[in-house]
Enquirer: 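I have a structure I would like to understand better, so I am pasting it below and will then ask my questions one at a time.
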Amino acid sequence: MQPKIVERGRMILIGLSFFGDPFAASAGWTEENEIGRLWVRFLAYLAEQGDAIQGLTDENVAYEVHIESADTAAKGYREVFVGVEVDRLTDVPVELLVKVLPAATYAVFTLKGEQIASDWSTSMGEWMRRSLYEPVGNFGFQRYDQRFQGVEDLAASELDVYVPITSSADVSPGRDL
């Protein structure tokens with residue numbers, strides 16, 4: 001699994017969040033765990049009140065951010081945030097939360113079909129150990145666009161996983177490794 005190295009500016013996301021063990025009820029890609037339920041809630045909000053979100057950068061793109069804390073290793077707890085990107089904060093609906101992701105360099109892994117449901121964190125960790133990069137920060141995110149066909153059709157889907165990194169060598173952004 002070879003990522004692309006990209007630079008991204010600051011991102012402003014608006015959406016909903018969950019904190020705890022997202023897989024306590026059910027593991028994997030399902031609407032039965034807390035991540036699936038979070039997506040159901042957010043997509044329902046978008047369908048009913050999505051017009052209240054101002055400055056949406058792309059209505060066909062959504063994000064899932066995983067934020068680790070001191071409780072992640074000990075209890076499996078993490079914050080999971082799902083949302084959309086906006087270009088400004090104007091009259092944010094009270095039901096929604098804001099996350100501002102800093103400008104960063106990212107290793108971007110594109111997952112296709114069965115890779116999505118596999119333990120891709122192991123493959124990414126192996127690449128990281130062999131690369132000239134180290135993960136930095138306590139978050140990463142997934143970018144969902146028109147290539148993602150839903151949990152019912154993972155075999156035909158693609159998505160991008162962004163891992164913030166720092167370089168231990170001079171490698172040009174955008175270069176495939």
Side-chain angles (χ1 to χ4, degrees), residues 3-23 25 29-72 77-111 116 120-121 124 133 135-154 157-167 172-174:
K4 285 191 175 185
I5 307 304
V6 301
E7 300 285 335
R8 283 221 48 170
R10 181 180 81 142
M11 297 173 61
I12 304 170
L13 304 178
I14 295 179
L16 297 173
S17 191
F18 164 83
F19 179 80
D21 180 355
F23 303 110
W29 288 75
T30 174
E31 292 179 355
E32 302 304 317
N33 64 33
E34 296 302 334
I35 297 172
R37 291 177 187 159
L38 185 59
W39 275 107
V40 168
R41 281 181 37 225
F42 184 63
L43 293 174
Y45 179 88
L46 288 178
E48 296 166 11
Q49 301 175 38
D51 292 343
I53 298 174
Q54 297 180 25
L56 187 63
T57 61
D58 188 336
E59 66 185 30
N60 297 309
V61 177
Y63 297 88
E64 179 178 310
V65 182
H66 289 244
I67 304 163
E68 296 188 353
S69 70
D71 287 332
T72 301
Y77 292 177
R78 69 183 66 234
E79 181 177 359
V80 179
F81 174 91
V82 299
V84 292
E85 186 176 11
V86 295
D87 59 12
R88 66 189 178 281
L89 291 176
T90 307
D91 298 327
V92 176
V94 70
E95 302 91 345
L96 300 181
L97 303 169
V98 175
K99 292 288 181 194
V100 179
L101 303 183
T105 301
Y106 292 92
V108 181
F109 298 86
T110 299
L111 305 179
I116 295 171
W120 38 267
S121 62
M124 290 188 307
Y133 297 95
V136 63
N138 64 338
F139 75 96
F141 65 88
Q142 299 160 26
R143 182 182 186 275
Y144 296 86
D145 57 27
Q146 70 280 358
R147 300 171 300 153
F148 188 74
Q149 303 301 307
V151 294
E152 313 80 37
D153 195 5
L154 291 179
S157 293
E158 286 186 34
L159 65 92
D160 296 321
V161 176
Y162 285 69
V163 178
I165 57 173
T166 186
S167 175
S172 301

Enquirer: Could Arg8 and Tyr162 be counted as a cation-pi pair, given that NZ or CZ must be under 6.0 Å from the ring centre and within 45° of the axis?
Expert: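 Yes; both conditions hold, so Arg8 lies above the ring face of Tyr162.
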Enquirer: What heavy-atom pair brings Leu97 and Ser17 nearest, and what distance separates the two atoms?
Expert: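 Closest pair (atom of Leu97, atom of Ser17, distance): CD1-CB, 3.3 Å.
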Enquirer: I would like to know whether Gln142 and Tyr63 meet side-chain contact (heavy atoms from CB on, under 4.5 Å); could you show each step before the answer?
Expert: CA-CA 6 Å; Gln142 299 160 26; Tyr63 297 88; over 6 Å; no
Enquirer: So, for Thr166 and Val136, which heavy atoms are closest and what is the spacing to 0.1 Å?
Expert: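 Closest approach of Thr166 to Val136: N-CG1, 4.0 Å.
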Enquirer: Check step by step if side-chain contact (heavy atoms from CB on, under 4.5 Å) holds for Phe42 and Val84.
Expert: CA-CA 10 Å; Phe42 184 63; Val84 292; 4.0 Å; yes
Enquirer: Using atom types as modelled and distance alone, determine if a side-chain donor or acceptor of Asn60 lies under 3.5 Å from a backbone N or O of Asp145.
Expert: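 A pair under 3.5 Å: no.
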Enquirer: Quick one: which of Glu34, Arg37, Arg41, Arg78 gives a side-chain contact (heavy atoms from CB on, under 4.5 Å) with Phe18?
Expert: Glu34
Enquirer: Take Arg10 and Leu101 through the test side-chain contact (heavy atoms from CB on, under 4.5 Å) and record every step on the way to the result.
Expert: CA-CA 6 Å; Arg10 181 180 81 142; Leu101 303 183; over 6 Å; no
Enquirer: With a 6.0 Å cut-off on the ring centroids, do Phe141 and Tyr106 count as close?
Expert: yes
Enquirer: Considering only NZ, NE, NH1 and NH2 on the basic side and carboxylate oxygens on the acidic side, decide whether Lys99 and Glu79 come within less than 4.0 Å.
Expert: yes
Enquirer: Could you tell me if Glu64 and His66 have a donor-acceptor pair between their side chains, going purely by distance under 3.5 Å?
Expert: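 On atom types as modelled, these side chains qualify, holding a pair under 3.5 Å.
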Enquirer: Does a donor on one side chain sit under 3.5 Å from an acceptor on the other, for Thr57 and Asp87?
Expert: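 The criterion, which ignores hydrogens and geometry beyond distance, is not satisfied for Asp87 and Thr57.
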Enquirer: What are the two closest non-hydrogen atoms of Val163 and Pro135, and how far apart are they?
Expert: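 For Val163 and Pro135, the tightest heavy-atom pair comes out as CG1-CB, 4.4 Å.
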Enquirer: How close do Asp21 and Tyr77 get, counting heavy atoms only, and between which atoms?
Expert: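 Of all heavy-atom pairs spanning Asp21 and Tyr77, the closest is N-CD2, 3.5 Å.
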Enquirer: Under a plain distance cut-off of 3.5 Å, with no hydrogens placed, do Gln54 and Thr90 share a side-chain donor-acceptor pair?
Expert: no
Enquirer: Can you confirm whether or not the ring centre of Tyr144 sits under 6.0 Å from the ring centre of Trp39?
Expert: yes
